[in-house]
Structures are given as structure tokens and as C-alpha cells.
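Each remark here refers to the structure printed beneath this line.
Quick note on labels: first sequence line is chain A, next is B, and so on, each numbered from 1.
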Amino acid sequence: MNQVLRTHNCGELRSSNIGQEVTLCGWVDKSRDHGGTIFLDLRDRYGKTQVVVNPDCGEAALRTAKELRGEDVVRIHGVVESRLEGKDNSKLPTGEIELRANRVELLNRCKTPPFFPGQEELPSEDLRLKFRYIDLRRETMRGTLVKRSEIIKSMRDYFADNGFIDIETPILGRSTPEGARDYLVPSRVHWGHFFALPQSPQLYKQILMVAGFDRYVQVARCFRDEDLRADRQPEFTQLDLEMSFVDADDVMGMIDGLMAKLAQEFLGIELQLPLPRLTYDEAMQRYGTDAPDLRFGMEIVDCSDLAAQTEFRVFRGAVDQGGFVRGIKVEQRAADFSRKRIDELTEFVKNDFGAKGLAWFRVEPDGKLWSPISKNIEEPVLQGLAEKFETQPGDLLLLLADSWDVTCKGLNGLRKTLGAELGLYDPKQMHFSWVVEFPMFEKDEDRWVAMHHPFTAPRTQDLPLLESNPSAARAQAYDLVINGYEAGGGTVRIHDQLTQSKVFELLSITPEVAKDRFGFLLDGLQYGAPPHGGIALGIDRIVMLFTGLDNIRDCIAFPKTQRAMDLMTQAPGTVEDKQLHELHIQVETPPAK
RNA sequence: GGCCCAGUGGCGCAAUUGGUUAGCGCAUCGGACUGUCGAUCCGAAGGUUGAGGGUUCGAGCCCCUUCUGGGUCGCCA
């Protein structure tokens with residue numbers, strides 16, 4: 001009778017449609033059977049509509065409706081009617097109307113599912129992942145994926161409006177031993193040779209600049225075979241871009257504009273531009289991390305100078321060994337910290353960050369610092385601490401005496417934990433900032449390694465430092481930080497051979513090795529490479545932050561578990577011997593347990 | 001690889017801290033009901049506590065091993 005399966009969706013009918021004959025398709029979200037009258041909540045991507053079936057609708061319709069169960073797929077033909085006086089449902093946009101059915105058609109029966117999309121308690125995550133098609137029917141999951149789609153569209157529009165062109169780069173590429181562990185793809189044609197999936201399109205986009213494409217952008221899938229976290233998946237999506245004839249300010253300015261647009265469209269907030277900038281050194285000193293959560297204070301205070309004046313061995317010893325004594329202040333909440341809680345925090349900094357212990361002081365009503373260790377510390381030093389931290393009665397001080405690294409990591413860990421626990425910020429609040437001037441190099445055991453990648457340009461004023469003092473050299477690198485998450489990072493690249501050679505030399509990358517690994521880029525740089533720079537934004541993380549979620553899996557339709565498995569498809573799986581044979585691969589027998 | 005948390009009918013939780021027959025809500029199945037929207041009411045079925053081993057007169061609970069999921073450190077240029 002009807003040529004079309006449906007005339008409307010389940011989210012669009014309103015009072016203005018009253019009297020119309022329509023056909024809806026969808027899933028039975030819920031049915032309420034009153035014997036004579038049956039109410040069905042029909043659900044699809046767009047919303048829910050209430051369907052009424054009663055004896056006036058015909059026996060066949062009533063009989064079919066009676067047998068419907070949750071998640072059955074149905075098609076309903078009927079007339080849009082106003083709900084009875086006072087029976088509107090204000091929770092639904094379609095709540096003023098209902099569909100009086102005259103035909104009820106079961107399109108497909110649903111087995112009793114392990115859980116229902118509408119149920120109040122969320123099932124365990126492994127079950128949600130195994131039955132992802134059911135989990136994705138949940139309103140929040142649907143909402144997140146819709147918003148993700150809208151965010152990506154908005155990004156693409158922005159860059160298109162700014163003259164960027166979208167160019168795809170290969171997924172099958174070449175392994176570069178630096179950086180994260182690669183996912184490898186064996187070559188059938190080339191015995192013993194492998195492709196690597198891209199960790200990022202880094203080298204290709206630089207080549208595109210050499211090719212003159214000027215402004216490139218891509219929504220790029222990236223792969224890194226490293227252990228997972230709440231904000232890390234083995235495959236993830238970057239908004240990757242590169243620009244020619246620009247400096248760091250130009251790139252950051254472009255992203256400032258993007259963030260302002262996204263914040264306005266999706267959060268309804270007006271960002272003040274330019275976004276605040278913080279140097280790497282400042283970030284480490286004040287927050288102990290290169291990605292600080294700036295929604296609250298609780299800044300780190302360095303009291304190493306005072307520690308040098310005490311005989312107390314823990315403090316003095318740390319400083320004498322070239323370490324630091326640094327701490328944070330919990331304002332007015334000392335009473336919230338039981339001895340047990342402080343013990344837990346001590347275990348936390350010991351276990352997770354290798355701290356030797358946690359020193360703490362309570363500020364007494366008379367303003368004096370009290371601690372189990374305060375009797376070991378000279379009065380002037382205690383007073384100095386109080387002044388340095390600008391303490392008030394009721395404050396709590398937490399101090400670490402350790403290496404720079406441990407104090408940074410430990411205090412950052414404490415600050416993040418306590419900031420959330422004490423509710424020092426509104427979880428809905430958003431803070432955008434840049435961290436700039438990263439070091440060019442860091443020491444890994446005895447050798448220098450690139451902090452970002454070996455093509456990162458140093459600040460021009462730091463060029464002489466490459467020879468004299470590499471550790472002091474700062475890069476033209478910038479990270480976008482949102483709420484304590486690294487939401488993106490980029491650099492201005494080296495575009496001249498001389499600087500590139502110097503950097504390689506420092507990184508102990510011989511010309512031969514360099515030629516072998518990325519000879520094509522080095523060649524390219526000699527054929528008219530423009531100055532260029534770019535950035536990559538973590539789309540999954542940005543979606544996570546913009547939707548207020550605390551893990552990245554909920555922003556991805558089909559994510560992997562912590563052990564990098566897909567519970568729905570059971571990937572990765574074994575393959576047939578024939579396939580292995582074709583690829584010239586032998587699988588080792590796992591060691592006996 | 002280290003540390004931490006969790007695993008009990010299909011789902012979410014409980015079990016007085018080692019003591020009778022493992023309990024509740026939702027879902028499922030059957031019945032009743034013409035206005036519900038987390039419908040309601042009556043009834044039924046359904047678990048040996050992730051797996052293996054140990055301690056004990058007795059283990060969901062204690063110990064060891066292991067599997068799965070999650071958090072985190074290392075790792076992630």
C-alpha cells in the first residue's frame with residue numbers, strides 16, 4: 001500500500017502534524033500494556049514517539065502490538081492525534097502528540113537482549129563493548145557520536161574557509177624506529193619487508209609543503225602500539241594540518257580561531273583570544289606538568305632554599321643531593337584530611353611516582369605549623385614555610401623532598417587528585433591554553449633524544465645553544481592544553497639542511513642512518529622547502545572534553561579495551577597458515593607458563 | 001612489566017565480615033487491567049558466586065595461581 005517505509009522519523013511530529021496520516025519505523029523502546037490499551041514508545045535516531053493501540057485500531061493491530069517486546073523493529077501506520085487533556089509528556093519533544101495506530105507491523109523480532117538501551121543502570125563496560133550495537137542505541141552514546149560528527153564538520157568548514165585543502169596520505173607507510181611502537185603490516189610481495197601504519201602523517205605533510213600546497217589539512221587516523229589509558233587508544237583520530245610561510249604565532253592564531261568557533265558553537269562560551277600562553281619551564285615550576293589543569297590554583301611552591309637551612313635530614317638531604325623540596329597548599333581544608341587519607345596519599349606518591357615519602361603540615365589556629373616532623377625542624381624554618389606558602393589557619397601543606405622529576409610528577413598527581421576530590425573547580429568549566437617553548441632535547445640515559453621529533457626547529461635565538469648548551473635550547477613547539485589534557489601539539493619545522501644536520505648530530509643520528517630512515521624528506525628539504533609549521537589536534541580527546549566525558553572510549557564507536565582488543569569482533573585473531581605462508585611469516589610458540 | 005579496584009541468575013546490586021535452603025530490583029515467561037509514559041497488580045522460572053587449586057568441620061567471604069574488564073606508573077618522538 002505505502003511505497004515508502006516511513007513518512008516521518010520518531011523525533012519530528014508535533015501538534016502541527018495533528019490529523020495527518022503517517023508511517024513511522026523504529027525500535028520498541030518500551031511497551032505499556034493495559035489490556036485494552038497498549039502504549040508503545042517507538043524510538044529511532046531522532047527521538048521517541050508514543051504510539052497508542054486500542055480495540056478501535058482493529059483486532060490485528062492490537063494482537064500484534066500485544067506481542068511486541070523491547071527492541072523489536074516495527075512499522076506503524078496511523079493518525080497523529082493530540083494527547084488527552086493533561087496527558088502531555090513534557091520530557092519528550094514529541095510529548096504533545098501520539099500516533100493512533102491502524103496498522104502495526106513487526107519488521108524484525110529482537111532476541112531478548114543482554115541489556116536494554118533505556119535501562120537505568122549501565123551494564124559493565126565489557127558487555128557494552130561486546131554488544132556495541134545495543135550500547136550505541138543509548139541516547140548518550142548516540143548524542144556523543146552526533147556531536148563528534150558535528151565537531152568534525154565544523155573543523156572542516158573552518159579550514160576550508162581558511163583556504164586549506166584536504167589531502168589524504170598513505171596508511172601503508174614506512175617504519176621509523178623513533179617514537180612509539182609501530183603497528184606493522186607484512187608485505188606479500190617483498191619478502192621480509194613491512195609497512196608501518198602511520199603514527200601521524202608527519203613526514204608526508206612536510207613533503208606536501210615542499211610540494212607547494214601551502215595549507216594542508218586532514219582528518220587522519222593514527223596508530224601507536226603502546227599501552228592504553230583512559231584518554232589513549234591504539235588507533236585514534238587527529239585533525240592534522242600544516243602551513244607554509246608561517247611562524248609559531250600564525251599556527252597558534254589559526255587554532256585560536258578554531259577553538260573560539262568550536263567553543264561558541266558547542267559550549268556556548270566566548271573565548272578570549274589569544275588563548276593564554278605559558279612556557280614549559282613555567283608550567284613545570286608552577287604545576288609540575290607540561291599539561292596543567294588551569295581551572296584551579298593550588299600552585300607548587302618551591303621551598304628548597306628553606307630546606308637548605310634546616311638540619312632535618314629528609315629536607316636537607318634532598319637539597320644536598322641536588323634535589324628540591326616543593327609542595328602544594330590545600331586551603332582551609334586540613335580538617336577534611338584524616339591521618340588515614342594522608343597515609344593513602346603517601347602511598348599514592350610512593351607507588352605511582354617513586355617518591356620517598358610525603359611531608360605534611362597542618363596550620364593550627366595560632367598560625368603555627370604542626371606536623372609529626374615539626375619537632376625536627378627549626379622554628380625559623382617553620383616560620384619561613386608559613387610565609388612562603390602564605391598560610392592561614394586550617395590550611396594543609398603537602399611537601400615532597402626529592403629529585404626535580406619526582407617532585408613534579410608527585411605534586412602534579414596530588415594536585416589533580418585533590419582538585420577533583422575537593423571540588424576546586426566546576427567540572428563543566430573549560431580552560432584553554434598554550435604551553436610553549438618546550439626544550440629541544442631531553443636526556444635518555446646518556447644520550448640526547450628529541451622531545452618532540454627530530455625536525456622540530458629551535459628558536460632562532462637558541463641556535464648557538466645547539467653547540468654550547470643543548471639542554472637550554474628551546475623549540476618552536478606548542479601544545480594546546482584543555483583542562484589538563486594535551487589536546488594537540490605542533491611545531492615549526494626545520495627547513496634548512498644546516499640546522500637539520502646539527503640536530504641529527506646531537507641526536508647521534510648519523511648521515512647514513514638519517515638517509516636510510518627519512519632520506520626522502522631530507523632530499524625534499526633540499527629542493528626548495530618553504531619555512532613551514534603545523535599542528536595535530538586529538539579529535540577523540542576534544543570530543544571527550546567537549547562532551548564532558550572522562551574516557552575516550554565513549555567518544556569512539558568501536559573502541560578497543562585496555563589490552564587492545566575489540567570485544568565485538570574479537571580482533572585481533574589468528575589467521576590461516578596459508579596466509580602466514582604467503583607473507584613469509586612464522587609464529588613463535590609462546591613460552592610455556 | 002609493576003601497583004590498585006572489580007568479577008555473585010540475562011542486567012545492576014546485597015549477603016550481619018567463615019556458619020542453615022545465596023537475597024533484592026529490573027528484565028524474562030504466564031495471568032489481570034482502556035490513558036500509561038521507570039505503568040500497576042498476581043504468579044512462575046532462573047544463580048553454586050569468572051576459572052583452577054589450597055586452608056577449614058564448614059568458603060561468595062581467607063590464601064595461592066590464572067582469566068576478563070577498568071584505573072594508574074613505566075611506555076606514548
How would you label the glycosidic angle of B:U17: syn (within 90° of 0) or anti? syn
Quantified in whole Å, what is the P atom distance between nucleotide B:G69 and nucleotide B:G12? 15 Å
How many whole angstroms separate atom CG of A:L228 from atom C1' of B:G1? 16 Å
B:G7 and B:A14: how far apart are their P atoms, nearest whole angstrom? 8 Å
Distances for protein N or O near nucleotides 10-14 of chain B N or O, under 3.5 Å:
| residue | atom | partner | partner atom | Å |
| --- | --- | --- | --- | --- |
| B:G10 | O2' | A:P114 | O | 3.1 |
| B:C11 | O4' | A:P114 | O | 3.2 |
| B:C11 | O2' | A:Q119 | NE2 | 2.9 |
| B:G12 | OP1 | A:S124 | N | 2.7 |
| B:G12 | OP1 | A:S124 | OG | 3.4 |

Does a donor on one side chain and an acceptor on the other come within less than 3.5 Å for A:D293 and A:Y287? no
Nearest-angstrom distance, P atom, B:C24 to B:C62: 24 Å
Donor-acceptor pair (no angle test) under 3.5 Å: A:R229 side chain, B:G74 base: yes
Using the test ring-ring contact (aromatic ring centres under 6.0 Å, His included), find all partners of A:Y133 that sit at least two apart in sequence or belong to another chain. none
Which of residues 343-350 of chain A have a heavy atom under 4.0 Å from RNA chain B? none
Apply salt bridge (Lys or Arg N to Asp or Glu O under 4.0 Å) to A:R69 and list each qualifying residue two or more places apart in sequence or on a separate chain. none
A:A230, nearest nucleotide to its side chain (from B:U68, B:G71, B:U28): B:G71
State plainly whether the residues A:R474 and A:D462 are in salt-bridge range, i.e. N to O under 4.0 Å. no
How far does the C1' atom of B:C63 sit from the matching atom of B:U55, given to the nearest Å? 7 Å
Residue-phosphate contact under 4.0 Å: A:R563 side-chain N/O, B:U68 OP1/OP2: yes
Of A:K409 and A:A450, whose nearest nucleotide on RNA chain B comes first from the 5' end? A:K409
Please classify the nucleic acid contact of A:T491 as base, sugar-phosphate, or nothing, using heavy-atom distances under 4.0 Å. nothing
Name the closest nucleotide to the A:N351 side chain, picking from B:G69, B:C76, B:C3. B:C3
Using the salt bridge (charged side-chain N to carboxylate O under 4.0 Å, His left out) rule, collect all pairs that involve residues 40-51 of chain A, keeping only residues at least two apart or in two chains. A:R6-A:D44, A:D29-A:R43, A:D29-A:K48, A:R32-A:D41, A:R43-A:E71
Atom P, compared across B:G74 and B:C61: separation rounded to whole Å: 35 Å
Contacts of type ring-ring contact (aromatic ring centres under 6.0 Å, His included), residue A:Y280, not counting sequence neighbours: A:F438
So what's B:C13 paired with, Watson-Crick or G-U wobble, going by both distances under 3.5 Å? B:G23
When you check the gap from the basic side-chain N to the acidic O, do A:D343 and A:K340 get nearer than 4.0 Å? no
Please list, chain by chain and in numerical order, all residues satisfying ring-ring contact (aromatic ring centres under 6.0 Å, His included) with A:F223, sequence neighbours excluded. none
Measure distances between side-chain N and O atoms of A:R232 and base N and O atoms of B:C75, and say whether any donor-acceptor pair falls under 3.5 Å. yes
Expressed in whole Å, how much space separates the P atoms belonging to B:C42 and B:C67? 48 Å
Mind checking the P distance from B:A45 to B:G23? Whole angstroms is fine. 13 Å
For atom P, what is the distance between B:C4 and B:C41, given to the nearest Å? 46 Å
Any salt bridge (charged side-chain N to carboxylate O under 4.0 Å, His left out) involving residues 78-93 of chain A? Give me the pairs, sequence neighbours left out, ordered by first then second residue. A:E81-A:R100
Starting from the 5' end of RNA chain B, give me the residue, A:T112 or A:D231, whose nearest nucleotide shows up first. A:T112
Could you check which nucleotide pairs with B:U68 in any of the strands shown, counting Watson-Crick or G-U wobble with both distances under 3.5 Å? B:A6
List for me each residue that meets ring-ring contact (aromatic ring centres under 6.0 Å, His included) alongside A:H8, sequence neighbours excluded, and say none if there are none. none
Looking at the side chain of A:R553, which of B:G69, B:G70, B:C3 is the nearest nucleotide? B:G70
Enumerate the residue pairs fulfilling salt bridge (charged side-chain N to carboxylate O under 4.0 Å, His left out) with a member in residues 403-421 of chain A, sequence neighbours excluded, ordered by first and then second residue. A:R341-A:E421, A:D405-A:K409
Quick one, give me the B/S/- string for nucleotides 35-52 of chain B, reading 5' to 3', where B means a protein heavy atom under 4.0 Å from the base and S means that only happens at the primed atoms, P, OP1 or OP2. BBBBB-------------
Please determine whether side chain to side chain contact (heavy atoms under 4.5 Å, CB included) holds for the pair A:Y478 and A:V435, giving the CA-CA distance in whole Å, both sets of side-chain angles, and the decisive distance to 0.1 Å. CA-CA 6 Å; A:Y478 31 86; A:V435 173; over 6 Å; no
Looking at residues at least two apart in the chain, or sitting in another chain, which of them share a salt bridge (Lys or Arg N to Asp or Glu O under 4.0 Å) with A:E226? A:R181
